[in-house]
2 protein chains.
Amino acid sequence: MNKSTFHILVVDDDDRIRELVKEYLVENNFIITTAKDAFDAKKKLEIIKFDILILDIMMPGQSGLSLTKEIKKKDNTPIILLTAKGETKERIAGLEVGADDYLGKPFEPKELLLRIKNILEKIKKPALPEEIVIGEAKVNLKKLEIRLNNKVKKINPQERKILEKMLESPGKIFSRDNIGKIINISKERTIDVMITRLRQKLESIPKNPKYLQTIRGSGYVLWIK
Amino acid sequence: MNKSTFHILVVDDDDRIRELVKEYLVENNFIITTAKDAFDAKKKLEIIKFDILILDIMMPGQSGLSLTKEIKKKDNTPIILLTAKGETKERIAGLEVGADDYLGKPFEPKELLLRIKNILEKIKKPALPEEIVIGEAKVNLKKLEIRLNNKVKKINPQERKILEKMLESPGKIFSRDNIGKIINISKERTIDVMITRLRQKLESIPKNPKYLQTIRGSGYVLWIK
DNA sequence: TCATAAGGTATGGATTCCATAAAAAATTTT
DNA sequence: AAAATTTTTTATGGAATCCATACCTTATGA
């Protein structure tokens, strides 16, 4: 793997493992930060935007599972969970809670590397530009703003997540299920509401959306032009 | 999960596991074929195009690993490998050989289902081309639109289903029964009505259809050119 | 050419699906 | 902990679509 600037946070209460993983990944040109528990991790998460998080499930204080859930609520940083051997149930729980992958202890560092590569494959998409034009609106995902008709509206966190995902695949139909997974929600009406709100910020005539359209019976689509 | 027509091949030399997996997946609306070894599997692969293959690594004769390699050379059917517990090395080898995912035995059926869903997400539909030309009309099954004489008409879900099916076999006669099955309707007149509607969207002169024609006494045919 | 069978279509009630306002709950900020 | 913001639920109305029926038109062959 080439020199990278990917920044990974490793959270494990076991000093030995933490250091081992760190060493191995540093060798492979990652930038590594470690934390010894959820509390510590959260402190660091507030300051730094990591590319990947590696969390041990079994930790004193808040568990990795719970931490995953909490983090995934806010953003979609990929998470790899480390599970004690054979804890199938936890592994399932992990996926359900939104983890992107997991690894049973004991694991070979090489395997961890594979998982990381795997995830990087997925995220290496050519980072969305600072400002994206959707019809008459200009979306700034960094400032969390949408300019439309000389007005500036704020994008809320959940809205951002949906928008980001839909912007990755303009023209793709997102079922409510799809969207529900993005923001961790199941109620259909709730999703409708988020779409309605997005329309009010994106569309000149929210009642007749030109860009964020409904596909009756299937879901929603975003057209960026 | 909805009713699906996904066809999965399960290859494992252990009768017990084979049957267990089959049973569970059939319950979840998959079509399952089984094979007891690589030789058996290859015979079946020659005849049927599967959507996913589930292979045990440890098998008498050719191993799942070797089989994976062989298959991946020819096509890219997604493969999930089943590994005996703790065989980390094999798991790594599996990914390197081109497998799409793996699952350590013993596994929970529910977890297998998760993996399968995951893969299906990716392969989605074999997607007909974005835009299909039928006579003077341009059909966009994604946008659910038909452009004809500079006008855009919307296709609704039932119409789409019929169109999709007929597009799979242009020139084939579809009896009302055939069509009825597609959209779950039995009344003859009702089917006529759907055809009428489609003609109004597809044909320049709906009264004299050139492409969506009636075969009196037999049914309807779609000609795409 | 007339009778009849087969196909075409306008209409509308029932149903399903979606939009949105408003309220309630949860979360974040102050 | 009060206030402000955001998220989620709920309730309701409206729109799209489904499906059947009645009636009309066309094709066929006796």
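We name chains A, B, ... by the order of the sequence lines, and we start the count at 1 in each one.
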Of the listed nucleotides (C:dA19, C:dG8, D:dT6), which one gets closest to any side-chain atom of A:Lys154? D:dT6

Between protein and nucleic acid, restricted to nucleotides 21-23 of chain D and to nitrogen or oxygen atoms under 3.5 Å apart, what atom pairs and distances do you find?
none

Side chain to side chain, B:Glu203 and B:Tyr211, heavy atoms closer than 4.5 Å: yes

Rounding to an integer number of Å, can you tell me how far B:Asn208 CG sits from C:dG7 P? 17 Å

If you look only at distance, which donor and acceptor atoms sit under 3.5 Å apart when one is on a side chain in residues 137-144 of chain A and the other is two or more places apart or in another chain?
from, atom 1, to, atom 2, distance (Å)
A:Asn140, OD1, A:Lys142, N, 2.9
A:Asn140, OD1, A:Lys143, N, 2.8

Decide salt bridge (Lys or Arg N to Asp or Glu O under 4.0 Å) for A:Glu136 and A:Lys210; before the verdict, give the C-alpha distance in whole Å, the side-chain angles of both, and the deciding distance to 0.1 Å. CA-CA 10 Å; A:Glu136 289 92 51; A:Lys210 282 164 68 182; 3.7 Å; yes

Euclidean distance, atom CD of residue A:Gln213 to atom C1' of C:dC18 [Å, nearest integer]: 14 Å

Closest to side chain of B:Arg176, choosing from C:dG7, C:dG8, C:dT20: C:dG7

Let me know the distance between CD1 of A:Ile191 and C1' of D:dT6, rounded to the nearest Å. 17 Å

What protein N or O atoms touch nucleotides 28-30 of chain C N or O atoms at under 3.5 angstrom, if any, and at what distances?
none

Any donor-acceptor pair under 3.5 Å from A:Asn156 side chain to A:Gln158 backbone: no

Any donor-acceptor N/O pair, B:Lys172 side chain to B:Val221 backbone, under 3.5 Å: no

Less than 4.5 Å apart, any side-chain heavy atom of A:Asp51 and any of A:Ile31? no

Please tell me if A:Asn156 has a side-chain N or O lying less than 4.0 Å from either OP1 or OP2 of D:dT6. yes

For the side chain of A:Arg216 and the base of C:dC18, is some donor closer than 3.5 Å to an acceptor across the two? no

Side-chain ion pair, A:Lys154 and A:Glu159, N-O less than 4.0 Å: no

With hydrogens left out and only the distance checked, is there a donor-acceptor pair under 3.5 Å joining A:Arg197's side chain and the base of D:dT8? yes

What do the steps show when you test B:Thr214 against B:Arg199 for side chain to side chain donor-acceptor pair (under 3.5 Å), and what is the final call? CA-CA 11 Å; B:Thr214 303; B:Arg199 280 181 179 147; 2.6 Å; yes

Per B:Thr214 side chain, nearest of listed nucleotides C:dT20, D:dC18, C:dG7: C:dG7

Ignoring hydrogens and angles, state whether a donor on the side chain of A:Lys42 or A:Gln62 is under 3.5 Å from an acceptor on the partner side chain. yes

